[in-house]
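First the structure, in the form of structure tokens, and then the observations on it.
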Amino acid sequence: MQELLKAEAGKDAALPVQEEKRVTKLSKKLRYIRENYFLYLLIAPAIILTIVFKYIPMYGAIIAFKDFSTIKGILGSEWVGFENFTKFLTSPNFGTIFMSTLKLSLYGLILGFPIPIILALMLNQVRRAAIKKNVQLVLYAPNFISVVVIVGMLFIFLSPTGPINQVVTIMTGEPIGFLSDPDYFRSIYILSGIWQAAGWSSIIYVAALANVDPELHNAATLDGANIIQRMIHIDLPTLKPLMAVTFILGAGGIMAIGFEKAYLMQTSMNLPTSEILPTYVYKVGLQAGDYAYSAAVGLFNSVINVIMLVVVNYIVKKLNEGEGLY
Amino acid sequence: MNIKYTRMDRMILTLNNIFLFLAVLVVLVPLVYVVLASFMDPTVLLNKGISFNLSDWSLKGYKLILGNDAMLKGFINSVLYSVGFAVVTVVVSLFAAYPLSVNGFVGKNLFMTMFIITMFFSGGLIPTYLLVKDLGMLNTIWAIILPGAINVWNIILARTYFKGIPYELHEAAKVDGASDLLIFFKIVLPLSKPIIFVLAMYAFVGQWNSYFDAMIYLDDPNLHPLQLVLRSILIQNSTDPGMISDQLAMAELKKLSEMIKYSSIVISSLPLIVMYPFFQKYFEKGVMVGSLK
């Protein structure tokens, strides 16, 4: 405290020489802040926005443990412990929604993970730069299409009278209910996701492959290795660290699956597979107004995410000779 | 290019190219189909599919879309939200990134930890919504711009870029008596145009394509961005009755609403389609800088 006061006192006058020797770490820091106040002004808006829009909602998440009413507010509402969680975990919806969420993202990860890598390996074999560039231009494009348009296109193409069903009708006599049958929801969701994201996700792999020393390939060729062998023994090992990180991040996000697309793709008939935790949180919370219960479901979802990230990181580390995310 | 390909290799390469060509087709065919269909006469499209006979083409869908108020309003709102969001998020990120890139900045670790924690933990949808509501920001542009303005990834990208600016430049300016303020605005920012551009583009496209925040925070249809208008046309199938005059028969109405779907997709994607070929390499760079971290 004394140092603090001294530092304060030293603000206006230059510090006398004998005092300078006693300048402590703290007052040094304070002086730094005073001399570089402009830097703190610069970072202030970001800090304020972070506290307001990130940390206050984290605090607000305690309504999950309360019998929240908007009139009483967050502080005034009564604690109910884990009641909201028990209510969700024992509700008949829980099993279906939980499994739908898990399956949708797990299948998405397993099917979506290898394709960008394969694309990158293939792009890496294209020798003519101009062709490679144009192929990339096309493959990256769907990444910039909005989710509303993607789902809109799915509805157009897959509707009972749409172009795909016109072909199906000619061949089998009747259209397939792609959009209403719950059995098709996951396939459509995942395949359209791959269609949209695979090209863009391949960028980092393509860049990593561009850094492989060509001498390695030359030497391997002299030893009689063909392209496939060189891919397996030179290219893939180069990509391994990236693959590990991408996989861990993907798995960590397994339960953090996007709300936006699933919600748009929902029809009243495909709910058994299309209702996932985030859409459920939205419906219960914002549409039905049961804030506390919905916040509990959301919190449950986040906790599972963190556990997932830690567990998968542990497993990948074991398999990958100690190389994980952290 | 001194690698000699064996016959086996050439076969593999041919297969490789065939597969890539197929991948390109898979991506392109749906997109080209939508663009072509948007110019088709609806009756022709329904009975024959895509036709290359020019007399089967029609601009009806575009006429209806361009004469539609909701669509026009949505377009203007989207431009407003996307530009506003891009400006705020880029300015905040650049401002925050600069101190974090300065050697010996007191509090660097504290601030970085504060930012990084938010990448892994969040209060969730409901508490954030309640906060925005309590702040009185529902049905205002601020609900769209402010809650998402902090993007830690952007801050890290900008900081990495600033760190790449030679430190001697700072030193030289300091010796000449320049203040932090002068160094930041006169030296660092002018050298950072590429990263500013990348961040702004990402923010613009992200906001242009999103509908979720607008859906939960904006009840007033006059404030709806393009994506919400599109959602009602494409997914909720509710074509604005004003768009099609009442005298038309039901069948005609259904055909026209199909038309409108195609043309609205094309119109709404137009800004991005026009920008994309020019900016693709910048977007790509953004991914690269990020993965270097």
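What you are looking at is a predicted structure, and each value in this text was computed from that prediction instead of being measured. Within every chain, numbering begins at 1; the chains are lettered A, B, ... in the order of the sequence lines, protein sequences first and strands thereafter. When reading the values below, keep in mind they use all heavy atoms of this one structure, side chains included, and skip hydrogens, waters and symmetry mates.
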#### Entry: Beyond-backbone contact of Pro30(B) with Trp195(A), side-chain heavy atoms, under 4.5 angstrom
yes
### Query
Side chain, backbone, both or neither: which part of Leu100(B) has a non-hydrogen atom closer than 4.5 Å to chain A?
side chain
### Message
Please identify, among Arg231(B), Glu258(B), Lys261(B), Met275(B), the residue contributing the most non-hydrogen atom pairs under 4.5 Å to chain A.
### Response
Arg231(B)
### Task
Evaluate the side-chain proximity of Gln227(B) to Val147(A): yes if any heavy-atom separation is below 4.5 Å, no if none is.
no
### Query
Who wins among Leu130(B), Ile155(B), Val34(B) for the most heavy-atom pairs under 4.5 Å with chain A?
Leu130(B)
### Check: Ile47(A) and Phe111(B) side chains under 4.5 Å, non-hydrogen atoms
yes
### Message
What's the separation between atom CG in Asn226(A) and atom CD1 in Ile12(B), rounded to the nearest 0.5 Å?
### Response
4.5 Å
#### Entry: Residue part contacting chain B, namely of Ile228(A), when any heavy atom lies under 4.5 Å
both
#### Entry: From CD1 (Ile118(A)) to CZ (Phe19(B)), nearest 0.5 Å
10.0 Å
#### Entry: For Gly285(A) against Ile126(B), the heavy-atom pair lying closest together
CA-CD1, 3.7 Å
### Query
Under a 4.5 Å heavy-atom cut-off, does chain A meet the side chain of Val106(B), its backbone, both or neither?
both
### Query
Between Phe38(A) and Asp180(B), which heavy-atom pair has the shortest distance, and what is it?
CD2-CB, 3.5 Å
#### Entry: Residue part contacting chain A, namely of Leu181(B), when any heavy atom lies under 4.5 Å
both
### Query
Aromatic rings Phe212(B) and Phe259(A): how do their planes relate, parallel, tilted or perpendicular, breaks at 30° and 60°?
tilted
## Note on the structure
Ranking Leu135(B), Leu28(B), Thr128(B), Leu146(B) by heavy-atom pairs under 4.5 Å to chain A gives rank one to Leu146(B)
### Task
Sort Ser122(B) into side chain, backbone, both or neither according to what part of it lies under 4.5 angstrom from a heavy atom of chain A.
backbone
#### Entry: Interatomic spacing from CD1 in Ile117(B) to CE in Met58(A) - rounded to 0.5 Å
7.0 Å
Could you give the side-chain donor-acceptor pairs of residues 89-98 of chain B under 3.5 Å, partners two or more places apart or in another chain?
residue  : atom : partner   : partner atom : Å
Thr89(B) : OG1  : Ala149(B) : O            : 2.7
Ser93(B) : OG   : Thr89(B)  : O            : 2.6

### Task
Answer with side chain, backbone, both or neither: which region of Met114(B) has an atom nearer than 4.5 Å to a non-hydrogen atom of chain A?
both
### Query
Do other residues, nucleotides or ligands put more than 12 heavy atoms under 6.0 Å from the CZ atom of Phe121(B)?
no
### Query
Atom CG of Asn16(B) and atom CG of Asn124(A): how far apart are they, to the nearest 0.5 Å?
9.5 Å
### Query
Which pair of heavy atoms, one from Ala46(A) and one from Phe115(B), lies closest together, and at what distance?
CB-CZ, 3.9 Å
## Note on the structure
Highest number of heavy-atom pairs under 4.5 Å with chain A among Val205(B), Val26(B), Asn17(B) belongs to Val26(B)
### Message
Is the distance from the ring center of Phe105(B) to that of Tyr40(A) below 6.0 Å?
### Response
yes
### Message
Which atoms of Leu131(B) are under 4.5 Å from chain A, going by heavy atoms: the side chain, the backbone, both sets, or neither?
### Response
side chain
### Which portion of Ala141(A) sits near chain B, non-hydrogen atoms under 4.5 angstrom
both
### Message
Heavy-atom cut-off 4.5 Å, strictly under: side chain, backbone, both or neither for Leu125(B) against chain A?
### Response
side chain
### Task
Check the pair Tyr55(A) / Thr118(B) against side-chain contact (heavy atoms from CB on, under 4.5 Å), numbers first and verdict last.
CA-CA 8 Å; Tyr55(A) 283 91; Thr118(B) 66; 3.6 Å; yes
### Message
Which atoms of Leu123(A) are under 4.5 Å from chain B, going by heavy atoms: the side chain, the backbone, both sets, or neither?
### Response
both
#### Entry: Interface moiety of Leu264(A) toward chain B, non-hydrogen atoms closer than 4.5 Å
both
### Task
Measure distances from Gln166(A) to the heavy atoms of chain B and classify the residue's part below 4.5 Å as side chain, backbone, both or neither.
side chain
### Message
Can you confirm whether Met119(B) is buried at CE, in the sense that more than 12 heavy atoms of other residues, nucleotides or ligands lie under 6.0 Å from that atom?
### Response
yes
### Query
Side chain, backbone, both or neither: which part of Tyr32(A) has an atom under 4.5 Å from a heavy atom of chain B?
side chain
### Task
Can you measure from OH (Tyr282(A)) to CD1 (Ile216(B)) and round to the nearest 0.5 angstrom?
7.5 Å
### Query
Given that the side chain runs from C-beta out, which part of Val303(A) has a heavy atom under 4.5 Å from chain B: side chain, backbone, both or neither?
neither
### From CA spacing to verdict: side-chain contact (heavy atoms from CB on, under 4.5 Å), Arg230(A), Asp9(B)
CA-CA 11 Å; Arg230(A) 283 189 277 128; Asp9(B) 278 354; 3.8 Å; yes
#### Entry: Part of Leu272(B) lying under 4.5 Å from any heavy atom of chain A
side chain
### Query
Is any side-chain heavy atom of Val102(B) closer than 4.5 Å to a side-chain heavy atom of Asn36(A)?
no
### Query
Are there more than 12 heavy atoms of other residues, nucleotides or ligands under 6.0 Å from atom CD1 of Ile71(A)?
no
## Note on the structure
When the 4.5 angstrom heavy-atom criterion is applied to Val306(A) and chain B, the contacting part is side chain
### Message
Using heavy-atom distances under 4.5 Å, tell me whether Phe144(A) contacts chain B through its side chain, its backbone, both, or neither.
### Response
both
### Query
So, for Ala23(B) and Leu119(A), which heavy atoms are closest and what is the spacing to 0.1 Å?
CB-CD2, 4.5 Å
Identify every side-chain donor-acceptor pair in residues 287-295 of chain A under 3.5 Å, counting partners at least two apart or on other chains, and give the distances.
residue   : atom : partner   : partner atom : Å
Gln287(A) : NE2  : Tyr263(A) : OH           : 3.2
Asp290(A) : OD2  : Lys87(A)  : NZ           : 3.4
Tyr293(A) : OH   : Tyr280(A) : OH           : 3.2
Ser294(A) : OG   : Val281(A) : O            : 2.9

### Residue part contacting chain A, namely of Val152(B), when any heavy atom lies under 4.5 Å
neither
## Note on the structure
Under 4.5 Å to a heavy atom of chain B? For Ile62(A) that would be neither
## Note on the structure
Value for CG (Leu20(B)) from CD (Gln125(A)), rounded to nearest 0.5 Å, stands at 10.0 Å
### Task
Select one option (side chain, backbone, both, neither) describing which atoms of Ile227(A) are under 4.5 Å from chain B's heavy atoms.
both
## Note on the structure
Whatever's closer than 4.5 Å to a heavy atom in chain A on Leu230(B) counts as both
### Query
Hey, does Thr6(B) have a side-chain heavy atom less than 4.5 Å from the side chain of Thr221(A)?
no
